[in-house]
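Residue numbers start from 1 in every chain, and the chains themselves are labelled A, B, ... in the order their sequence lines are given, proteins ahead of strands. Model, not experiment: these values are computed from the prediction.
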Number of protein chains: 2
Amino acid sequence: MLRSSIFRLSLYYRVLKEKVNESISSSELAELAGVNASQVRKDLSQFGQFGIRGKGYKGDELRRHLQGILGLDRKWCIALIGVGNLGFALLNYSGFRKDGFKFCAAFDNSLAKIGKTWGGVKIHDISELNETIHKKDIKIGIITVPAREAPKIADMLVEAGIKGILNFAPVKIDVPKDVKLVNVDLSIQLEGLSYYLKDN
Amino acid sequence: MLRSSIFRLSLYYRVLKEKVNESISSSELAELAGVNASQVRKDLSQFGQFGIRGKGYKGDELRRHLQGILGLDRKWCIALIGVGNLGFALLNYSGFRKDGFKFCAAFDNSLAKIGKTWGGVKIHDISELNETIHKKDIKIGIITVPAREAPKIADMLVEAGIKGILNFAPVKIDVPKDVKLVNVDLSIQLEGLSYYLKDN
DNA sequence: TAGATTGTTAATCGATTAACAATC
DNA sequence: TAGATTGTTAATCGATTAACAATC
């Protein structure tokens, strides 16, 4: 399945929250999500037939389907590694919670932080990574350590059996192909803006 | 110019930092950046001929070219709107600084924050947005307010003459086509992971 | 039935990769 | 000169959009 399709399904899932008790056509949904109507129908058709010809889609029904497709109908236990400013912000970001994501443990190597509880989450020493991931059945790792430490942390996560990594460190991470890696590179996003603005 | 090409140029720019005193071939550069060698040459060829046939590219020279192309050879004054946890983390993120990005002002509507200085940046009332942007010659706006406030803030930024917006709010923002908008949607990235993991 | 809108196929568009002549 | 590697064109691949028969 296409990365970009999945991205758009999340978008549809989000905008449908406002249409729970209504019917909605592919063109309305497209308008709300900022994409093409054909694309909406194509994206959905990869997973089933959710609409009624001549009528459109039922908001709540489609939303429930998308929730299942995206795997948001369950709890996801997350580990966050690197409780700096960004890590702290993510621990406290409430937007994740409503999608079933829950921070089950945080890790850092700073003695000042280990043992403390931030955002309701206990901070462990990184040496406890493997054991904690198994014990708490953690499925997703979020890397918010400095770039030079990130590849090693990624290896430790893979070693511990993690199959999904969200990496914020500005460095190339290599993972086996059965591990899904998503990079969020804030510097590169900002540099993209710089390019477009430089001749204004 | 393609969004994806620009993204990769930033990647090349980053990995070349380690190759400043060396020559490097398109295939080495591709390896470091995790892309195809033809793509490296194609990307670069859109902006000029920077290599020597039979030899490759000079690291420092190519890096300087990329710096100019990306507009990173100058200072960029940034405004951050919404000094919550994420806003605070970005204000204190040192990674932006080395690329010439500088937070010149922050804005919030909380009386407890207005007038304070965080990460070396003064927090203003949002009512001072327009005036401050003009006075400080701010070119880029970063939106880290809650979703429901984000569209209004975006309008204010556009009104103030901002031409580049980095939006972290999980909501669709509309801007005129002479304004470049980049969305960073953390929930959607995480939902993407959920999709790939759900059948494991 | 007539109108509307889906699901799906076909056409288009764009991006990536391969190939190779040019040339250091 | 021989070997290497660029810059660029051609081929391939994949994603988006348009079109339309199916059908509510």
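- Residue Q49(A) has a polar side-chain atom (N or O) positioned under 4.0 Å from OP1 or OP2 of dT8(C).
- Contact record, F107(B) with D125(B): CD2-O, 3.5 Å, taken as the closest heavy-atom pair.
- Proximity of S26(A) to the phosphate of dT6(C): a side-chain N or O atom is located under 4.0 Å from OP1 or OP2.
- Straight-line distance from the CG atom of L62(A) to the C1' atom of dG7(C): 14 Å, rounded to whole Å.
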Tabulate protein N/O versus nucleotide N/O from nucleotides 13-20 of chain C, keeping only pairs under 3.5 Å, one per line.
| residue | atom | partner | partner atom | Å |
| --- | --- | --- | --- | --- |
| dT16(C) | OP1 | R8(B) | NH1 | 3.1 |
| dT16(C) | OP2 | R8(B) | NH2 | 3.2 |
| dT16(C) | OP2 | Q39(B) | NE2 | 3.2 |
| dT16(C) | O5' | Q39(B) | NE2 | 2.9 |
| dA18(C) | OP2 | N36(B) | ND2 | 3.4 |
| dA18(C) | N7 | S38(B) | OG | 2.8 |
| dA19(C) | N6 | R41(B) | NH2 | 3.1 |

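- In this structure dC13(D) sits in a base pair with dG14(C), meeting the Watson-Crick or G-U test at under 3.5 Å.
- F50(A) has its CZ atom 9 Å from the P atom of dG7(C), to the nearest Å.
- Pair assignment for dT6(D): dA21(C), on the basis of Watson-Crick or G-U wobble contacts that are both within less than 3.5 Å.
- For the side-chain contact (heavy atoms from CB on, under 4.5 Å) test with I6(A), the passing option among L70(A), I69(A), L11(A) is L70(A); the others fail.
- The side chain of Y57(A) contributes no N or O atom lying less than 4.0 Å from OP1 or OP2 of dC24(D).
- The two atoms that bring D174(B) and D155(B) nearest to each other are O-OD1, 4.3 Å, heavy atoms only.
- Closest heavy-atom contact between L197(B) and W76(A): CB-CH2, 3.6 Å.
- Taking atom CD of residue E28(B) and atom C1' of nucleotide dA4(D), one finds them 12 Å apart after rounding to whole Å.
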| task | List the steps and the verdict of side-chain hydrogen bond (donor to acceptor under 3.5 Å, both in side chains) for S110(A) and D108(A). | result | CA-CA 6 Å; S110(A) 153; D108(A) 205 291; 4.6 Å; no
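- Whole-Å rounding puts the R53(A) CZ to dT23(D) P distance at 6 Å.
- Atom CG of residue L9(A) and atom OH of residue Y195(B) lie 8.0 Å apart, to the nearest 0.5 angstrom.
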